[in-house]
Asker: 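Take a look at the following structure, please.
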Number of protein chains: 2
Amino acid sequence: MTSDKTIGRLSLYRRLLNELLAGGAKYVYSHHLANEAGVTAAQVRRDLMAVGYNGSPSHGYDVSELVESIRSFLDAPKGQGVALVGVGNLGRAILAYFNGRRPHLSIVAAFDSDPHKVGRVVHGCYCHPIEELPRIVAEKHIGVAIVAVPANEAQELAETLVRSGVRSLVNFVPAPLHVPPHVYVEDVDITTSLEKAAYFARGGAVREEVLP
Amino acid sequence: MTSDKTIGRLSLYRRLLNELLAGGAKYVYSHHLANEAGVTAAQVRRDLMAVGYNGSPSHGYDVSELVESIRSFLDAPKGQGVALVGVGNLGRAILAYFNGRRPHLSIVAAFDSDPHKVGRVVHGCYCHPIEELPRIVAEKHIGVAIVAVPANEAQELAETLVRSGVRSLVNFVPAPLHVPPHVYVEDVDITTSLEKAAYFARGGAVREEVLP
DNA sequence: GCTAGCCTGTGACAAGTTTCACAGCGTGAG
DNA sequence: CTCACGCTGTGAAACTTGTCACAGGCTAGC
């Protein structure tokens, strides 16, 4: 029922709220959070309906309580293990990016088919041979996988992952993956993003914010 | 008038069509292309209305003509230069990713504020000091910039880029950039993508908490 | 030459998402 | 105490995006 886009914004709100918390703020109004996030106040309030936390009309939202509500809504109760497949340039950058930062959502295993990479520890993560993927994914109850392999290996890999029990993929390959309906795919397509940006660089982009 | 999402799909269609072309296909039907792209046939036809190319009811679309039509619709007539700012792990991966592959949309300059990176050639791209950004962007008529710097430098950088004449940003920083309305921002937020994937990995339907 | 079949292009409709607008309430000023 | 204010939560309107369904037309086979 809760939409894709709402989930994405909740993730963003949480990060912004954590910053506010670090800055010492105790309460926050929807319009303030909206301004930080670049959306409207009504949208923030609508999104927060999904998590079920109620703010006070006089002070707004209690920042730490709201963070906790979003956390219990978004995060799996027991944490969630993530597998990274493909330890090339992009895979290594992703590992570095997430390294240690996220306790509840960490990359617990890396895989590659290249024997030169297998056995190495990359940014704190051991690289297993791709053949062991089904066993390790099952043993560690990994539900999410990041696909960062060459394009021609992606579809076969996706099928292996799904057979091994993965429920959700983050796909960095610029080609659509064909998976059964119960599997969620989040595409991160840098090529398309760049081409969109190039298209809108000419012609008119219409946004509403201004420089602070 | 043509929406964001249509542009993204056109970029995808073009890549799929190029693959078909490489495979020797001469004609393609909307339902075939739709199947490759993971969308419906009606959507493909609707999207292609934007580019103005007409297929034939009997053979479908002429692949190479269609590719050419999409190209002339999407790409800037004289090509488009792209700047990359931030030559860290992610920036280097992006450089490697795009290296040489795209003639009409190539990264023509890289920038970093770290003196250790300045002057080095990374994946075929010279790294300039950040201070020279306004001059080089103006001289090379760069309209698109990729933002891959630490989060706390992103907003200031965005303002510098906009002042230097950049019209469009691809933002890899997990925080929204505040820019004037004429500037387009394409967010590529890996953190949010992963959190979305994690959310949908569990049934999604099964909410653990109900009303208090 | 005619009919059956399948395709495209597109108006009309449906679904999904965002914004509007207002009731209701707690707070602080007078 | 009372009033006015400004905020939240939410039904309903507005807008955006995707799908349906069919007219029109080319082709193939008879």
Side-chain angles (χ1 to χ4, degrees), chain A residues 1-13 17 20 25-63 65-66 69-70 73 176 181 184 187 192 196 200 204-209, chain B residues 1-13 17 20 25-63 65-66 69-70 73 176 181 187 192 196 200 204 211-212:
Chain A
M1 194 225 91
T2 307
S3 92
D4 193 339
K5 305 198 174 171
T6 294
I7 300 300
R9 283 189 300 264
L10 285 173
S11 163
L12 171 61
Y13 299 157
L17 289 167
L20 288 174
K26 188 137 176 54
Y27 296 98
V28 67
Y29 294 123
S30 63
H31 60 80
H32 182 197
L33 187 52
N35 192 51
E36 297 279 313
V39 300
T40 66
Q43 177 119 71
V44 169
R45 297 201 298 272
R46 176 73 63 187
D47 288 337
L48 294 185
M49 283 177 70
V51 318
Y53 177 71
N54 278 21
S56 123
S58 39
H59 301 109
Y61 304 92
D62 180 303
V63 179
E65 282 180 25
L66 182 51
S69 287
I70 295 177
F73 179 81
Y184 180 84
D187 285 298
T192 293
K196 276 166 76 173
F200 287 110
V206 184
R207 293 196 32 192
E208 311 213 347
E209 294 166 55
Chain B
M1 191 223 87
T2 307
S3 91
D4 193 346
K5 307 202 171 167
T6 295
I7 301 300
R9 283 189 300 263
L10 285 173
S11 162
L12 171 61
Y13 299 157
L17 289 167
L20 289 174
K26 187 137 178 53
Y27 296 97
V28 67
Y29 293 124
S30 63
H31 60 79
H32 183 198
L33 186 52
N35 194 50
E36 297 277 314
V39 300
T40 67
Q43 177 119 71
V44 169
R45 296 202 297 276
R46 179 72 64 183
D47 288 337
L48 293 185
M49 283 176 70
V51 319
Y53 177 71
N54 278 21
S56 126
S58 40
H59 299 109
Y61 304 92
D62 181 301
V63 179
E65 283 181 23
L66 182 51
S69 287
I70 294 178
F73 179 81
D187 285 297
T192 293
K196 277 166 75 173
F200 287 110
L211 302 173

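Every value quoted in this text rests on a predicted model; they were computed, and no experiment measured them. Labels below follow one simple rule: chain letters A, B, ... track the order of the sequence lines, proteins then strands, and each chain is numbered from 1.
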Asker: With a strict under 4.0 Å distance from non-hydrogen atoms of chain A, what nucleotide opens and what nucleotide closes the contacted stretch of DNA chain C, reading 5' to 3'?
Answerer: dT17(C) to dT27(C)
Asker: On a heavy-atom basis, which atom in A41(A) and which in S30(A) lie closest, and how many Å separate them?
Answerer: CB-OG, 3.8 Å
Asker: Could you go step by step and tell me if L17(A) and Y61(A) meet the side chain to side chain contact (heavy atoms under 4.5 Å, CB included) rule?
Answerer: CA-CA 10 Å; L17(A) 289 167; Y61(A) 304 92; over 6 Å; no
Asker: What pairs with K5(B) under salt bridge (charged side-chain N to carboxylate O under 4.0 Å, His left out), at least two apart in sequence or on another chain?
Answerer: none
Asker: Base contacts versus sugar-phosphate-only contacts with protein, heavy atoms under 4.0 Å: please encode nucleotides 5-16 of chain D as B, S and - from 5' to 3'.
Answerer: --BBBBBB----
Asker: Going by the ring pair (Phe, Tyr, Trp, His ring centres under 6.0 Å) test, which pairs reach into residues 27-53 of chain B, not counting sequence neighbours?
Answerer: Y27(B)-H59(B), Y29(B)-H31(B)
Asker: Give me each pair satisfying salt bridge (charged side-chain N to carboxylate O under 4.0 Å, His left out) with a member in residues 28-50 of chain A, each pair once, sequence neighbours excluded.
Answerer: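 Every pair satisfying salt bridge (charged side-chain N to carboxylate O under 4.0 Å, His left out) with a residue in residues 28-50 of chain A: R9(A)-D47(A).
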Asker: Mind checking what makes side chain to side chain contact (heavy atoms under 4.5 Å, CB included) contact with A37(B), not counting sequence neighbours?
Answerer: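 If we apply the side chain to side chain contact (heavy atoms under 4.5 Å, CB included) test to A37(B), skipping adjacent residues, the hits are L12(B), Y13(B), L16(B), V39(B).
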Asker: Between F73(B) and I7(B), what is the shortest heavy-atom contact and its length?
Answerer: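 Nearest pair, atom of F73(B) first, then I7(B): CE2-CD1, 3.8 Å.
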